[in-house]
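Counting begins at 1 with the first residue of the sequence.
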Amino acid sequence: MVEIDEIVDPAEEERSRVFTQLKAYCFELLELLQNPKKHSSALSSLLHFLRQSPSHALQPFFDYTLFPLLLLLDAAVDCRTSKKLGSKEKVVSSNVSKKPQKVSDSVAEGVLQCLEELLKKCLLGSADQMVVVLKKLTYGALLSPSDASEEFREGVIKCFRAMLLNLLPCSDESCACKQIFGMPMLLENRDLKDPLSRSSKYDSEPDECLLAFLQSQAASAAVGHWLSLLLNAADTEAARGHLGSARLRIEAFMTLRVLVAKVGTADALAFFLPGVVSQFAKVLHASKTMTSGAAGSGDAIDQAVRGLAEYLMIVLQDDANLSRLDMSVTVTSESNLKKYESTQSLMDELRKLPVKAHGPSKMVMEDSSNKVIPTTSQSEKKTDSGKGDRSLHVDRTNDWIEKTSIHVHKLLGATFRHICIHPAKKVRQGLLASIQGLLSKCGYTLRQSRQMLLECLCALVIDDSEEVSAGAQESLRNLFTLIGENQMGHDVAQIFTRLIDKLPKVVLGSEETLALSHAQQLLVIMYYSGPQFVVDHILQSPVTATRFLDIFSVCMSQNSAGTNITSDCLTIMAAVPQNSKIKDIQEKGIPYASNDAQKNYELPRMPPWFFHIGSRKLYEALSGILRLVGLSLMADIQNGQHLSLITEIPLGCLRKLVSEIRMKDYNKASWHSWYNRTGSGQLLRQASTAVCILNEMIFGISDQATDFFTRIFPNSRKRRKEVRESGAGFAGGQPFEIVSSVFCESSWKVLQDEGLRSHLIDCIGRILHEYLSHEVWELPTEHKSSGILPDYEAEDISVNFFQDTAMLHQVTIEGIGIISICLGGDFASSGFLHQSLYMLLENLVSSNYHVRSASDAVLHILAASSGYPTVGHLVLANADYVIDSICRQLRHLDINPHVPNVLAAMLSYIGVAYKILPLFEEPMRSVSVELEILGRHQHPELTIPFLKAVAEIAKASKREACSLPSQAESYLLDVKARIDDMEKKVDDDILMSHVDSEQWESILFKLNDSKRYRRTVGAIASSCIMAATPLLASGRQAACLVALDIVEDGVMSLAKVEEAYRHERAAKEAIEEVIESYSLYYLQDMLDAADEGADENRLLPAMNKIWPFLVICIRNKNPVAVRRCLCVVSNTVQICGGDFFSRRFHTDGSHFWKLLSTSPFHRKPNLKEKIPLQLPYRSTSTSSEDSSETSNLKVQKSASALEVVLKKVSGLVVGIACSGVVGLRDASVNALQGLASMDPDLIWLLIADVYYSMKKKDIPSPPTSDIPEIFQILPPPSSPKEYLYVQYGGQSYGFDVDFPSVETVFKKLHAL
């Protein structure tokens, strides 16, 4: 016996240890109850112990531990309940004194924490025990925010939830607890932990099943009371605004979901459905306006959405209701009622508990007119008031189900559509899970709401969140596999029709988010229904197709943006309400992304007027619908034949516009009268909208459209795992049924059929023909357009006319780019490229920015789709077509006045003008004629545009000319190298082999080609100079400046051409020696075939003609032109050589010297005073015998003209260098350096005269005694006018001598 006693069971030892510790803690709690002000750490220690202890160790002592905690909770509630005073609560009589708060907040909150932990770890033993705990928690839940702290009220709710979570099903397989799932069906994995299970021998089952008790009529009052308490607790926090607790609200909703799941049967919950649903609807309705505080908490709204759906999924479940429509309500057996007779008294006591809101709860709903409809909750009614039956039960008859589903439909329709666009991701995730659950569990019972739920699901398919979008797409794919079953096909058709009918209203409404959601729903319906569905419901007849396109014309029309036709834009802006979305369209830059220039070349673009209708996302949804329409026509051979019929509908608007313009031209009416005529402006805007619709439909056929839809509707099958993990499905391994489907991916594909492709090309050819109609591009975009008659003032034509025209041109140009994207290589092979290329180049010089931008983008797209790296290569490959069009239009400038601008823009834009330089000989002849006097007189407004074109050609010729000398020199070196090789051969020195003979033939061919190309470059440069030279004398500054640029580039080109000619001549002479040496006389004829003649001496004759016009330009005294002209003179002097200009400066130099008289440092010159030139010596005598150099120079006929010019210029430059003008110092030093290279003594004397006259100290001594001192050689002047530089230059021109500047210049020149 002793040995047996010594054997100790480890479990018993553990239980003994736990009891010992719990006993100490419980005694301390009882002491704390007697002395609440006592500072004790028992609660914190007990909480730590409960958290550390396992469940099986605490279960045997559950009642022991629960007792002191409930006593403390009762005391905490009691001391707080006594403070209640108010009209809606129990009024404490005045003769009863208020009880002091014996239990502090920290103690009360600690008690609730311990109780929550205990209820998590231990199971309730009986229904009576559960009722006791419920009673204590109910009193705590009744406390208001003014009575108890937030943490206390939240702790009560957490304790109640912990108790519910540990209500486990019994072992009886026939028990009612087996009919429920037991956990919220839409529970996310992160919300709750797994409940306990009965694994310990101490976890004995209670005599009655607690879950079955909770579902019984005996507990219905308690269930209804707690539903009300939890909803009121959440509503109270929302009413407190920013003071409310979002966390407490979330706990209340989560606990309510657990309570509903534990009750779990439609019989037990149906009676409370109106009140619960109305409260949830109130929460969701408030979420439309509340974005902050407890009412705006995304987590709380998510819990409310899921809670509402779970309640409906239980009460209105198809399986539970369809089987009971013709059956009587199952009444609880008498034996079961007797089973809970012992707890009936406690239930009666719970029913007597005070309720915060005694008034009947209201059901908040909205009908289709957005009016709030209050409905008295059925939860306050009795099933049989005549008999006094207090049973909270409702017979779920067919009539009850129908009426309830109608009310629920109104509630869901008023709330779910707004939750689809809620900014919080969690809310939309909760809505998605709710829709999946309702469609799966209540699809037939809520058949009236099925279409609305499908619409919401479609809106979630295109969600910003990938998780929401993936889950919605997967659900919708599964649903669409059931089309044709369970009325799903009929529902989709009705949704589709309703969405189309309401589209204009929502798009033109005031709520952008609703319009976007509506358009996205329509897009999703069309995409998942497939192309045949679209054809059957839209394109089945011309009437339905016309109606559909008319609806989109209204949604995308410029009239929708409020482009009222008035003569004054200010009138329009003043007439528009400030709160309206309708605004006046004004020309403004499209906000392209500056960080990615490639986006500027992406098509299609949103039309410019749509910025005043909606956002880019809205247009993307609308355009996606049109793209699906176009794609549906090419997804089937039979449907493809309807493409031309469908496109003819919007083309009719464009043809009508062309017809009206032709009638205007026939009647010779002005644009002013035509546009002011009723309907003309609207017709112009309708044409723009029609073109936009056509563009989107055509783009839908392209491969890029497939990428567009792939981006919007990604294949969510790859993300099923992520969707499951995120909790988008049902809890407990019951997700929404996933069915593999490739329905959408396989159906939306363009058939690769040659006949269908040929039909598409023919159809697009007709569209492009209308796009390129002359009448469309005849519409003016500015007041200066040629079509505007001069009889009308500029203000007579509304600016809206030009804006409407510019927008039409923009979308038409973008349409050409979209067509090229659609056809790819067939665009060029079908001849469409040659038809449209010149028009695109024309619009590069449009006065409207958007038109220019569109042309630039389309040209880049054409280059890419045609396989060219740049636009320049595209134009180069089609240069013959472009130049031919230019030459043809140059012959008719009266009707094509834009040609010069087109030529200039094309040459500057493509950057490859030098590669097509030989093609410009014919255009240059026409341009030269137009720049002559007669041509300038006939078309004065075209002078500058022609000059700009000539300037671009001159730049191209200069670039080519600069490369000619190096090529000719390389050719010469190659010829000399071959000659050297021949001379080194030891073989026959007289006879040449046949191979060598052929090599020399190829050399001669190359020489002749070089000569011809050099002559072409020289001829074009000469033509440019001849065309621009007369305009050097123009009084128009712009024309003069462009002409100067042309002359400068032309002179440089001619100089390079002559340099290349000299190398070619040397090569020719070397070849002639080879011919004579080896008797290759048959090559002589080939050598003389490209004889240069006398046309190689181009530079000096051209310069001889240019010089007089340069002098006239100087004499015109235009400051900007003079400055540019001096630069040109400086460059041409260096190019042509000084000998050519020495006598010309002697003759015309006075005009250049006089320029200094315009210096801002100069006092007005005395024209009567003439100061003679002097040699480098000074005489102090002022008598008349003081001979001047003028008389001597007249006698000295043999003196060089250059010497006179040198002295004059040297005096002027020294004066500038010695002045205080620092900005001119470097330039003057450079000039003196150049002059010193011609006569260094003269420059030194002029500088030294000033320097040593002002320097008083540190004057160097002469190296020998034979040389006189400095002051003897250069005596100091008596006045500034006696400086040598003044006498040589003629005047001082107001420059004051600055000694630091003199010293700086002297030292710089001395260092050279």
Notebook entry, point to check: Under 4.5 Å between any side-chain heavy atoms of R428 and C420, yes or no?
Noted result: no
Next item on the list: Flag the pair R450 and E455 as a salt bridge only when some basic side-chain nitrogen lies within less than 4.0 angstrom of an acidic carboxylate oxygen.
Entry: no
Note to self: Going by side chain to side chain donor-acceptor pair (under 3.5 Å), name the residues that satisfy it together with K502, two or more places apart in sequence or in a different chain.
What the structure shows: none
Next item on the list: With sequence neighbours excluded, tell me which residues meet ring-ring contact (aromatic ring centres under 6.0 Å, His included) with F416.
Entry: none
Next item on the list: May I have all residue pairs that pass ring-ring contact (aromatic ring centres under 6.0 Å, His included) and include part of residues 231-259, sequence neighbours excluded?
Entry: F253-F280
Next item on the list: Determine the minimum heavy-atom distance between P145 and T236, stating which atoms define it.
Entry: CG-CG2, 3.6 Å
Note to self: Quick check on K178: does its NZ atom have over 12 non-hydrogen neighbours (other residues, nucleotides or ligands) under 6.0 Å away?
What the structure shows: yes
Next item on the list: Give a yes or no on whether the backbone of L316 and the side-chain of R396 come within a donor-acceptor separation of less than 3.5 Å.
Entry: no
Margin query: Looking at K282 and D235, is there a salt bridge between them, counting it only when a charged N and a carboxylate O are closer than 4.0 Å?
Written below: yes
Notebook entry, point to check: Do the charged groups of E467 and K425 touch, with an N to O distance under 4.0 Å?
Noted result: yes
Checklist line | Spatial distance of atom CD (Q451) from atom CG (L454) [nearest 0.5 Å] | finding: 7.5 Å
Checklist line | Pairing of E310 and R257 as salt bridge, 4.0 angstrom limit | finding: yes
Next item on the list: Would you name the heavy atoms of I180 and A261 that are closest together and state the gap between them?
Entry: CD1-O, 3.8 Å
Checklist line | Matching residue for E237 among R153, R247, E154, E251 - test: side-chain contact (heavy atoms from CB on, under 4.5 Å) | finding: R153
Margin query: E150: which residues meet the side chain to side chain donor-acceptor pair (under 3.5 Å) condition with it, sequence neighbours left out?
Written below: S245
Margin query: Can you give me the closest heavy-atom contact between S529 and V492, atom names plus distance?
Written below: OG-CG1, 3.5 Å
Note to self: Please find the pair of heavy atoms, one from L210 and one from A127, that lie closest to each other, and give the distance.
What the structure shows: CD2-N, 3.4 Å
Next item on the list: Have a look at L453 and tell me which of L431, D491, L438 forms a side-chain contact (heavy atoms from CB on, under 4.5 Å) with it.
Entry: L438
Next item on the list: Could you tell me which residues satisfy ring-ring contact (aromatic ring centres under 6.0 Å, His included) with F533, sequence neighbours excluded, listed by chain and number?
Entry: F496, H537
Next item on the list: Say whether Q215 and T265, considering side chains only, have a donor N or O and an acceptor N or O under 3.5 Å apart.
Entry: no
N/O donor-acceptor pairs under 3.5 Å from side chains in residues 518-526, not counting sequence neighbours:
{"residue": "H518", "atom": "NE2", "partner": "L499", "partner atom": "O", "Å": "2.7"}
{"residue": "Q521", "atom": "NE2", "partner": "S517", "partner atom": "OG", "Å": "3.2"}

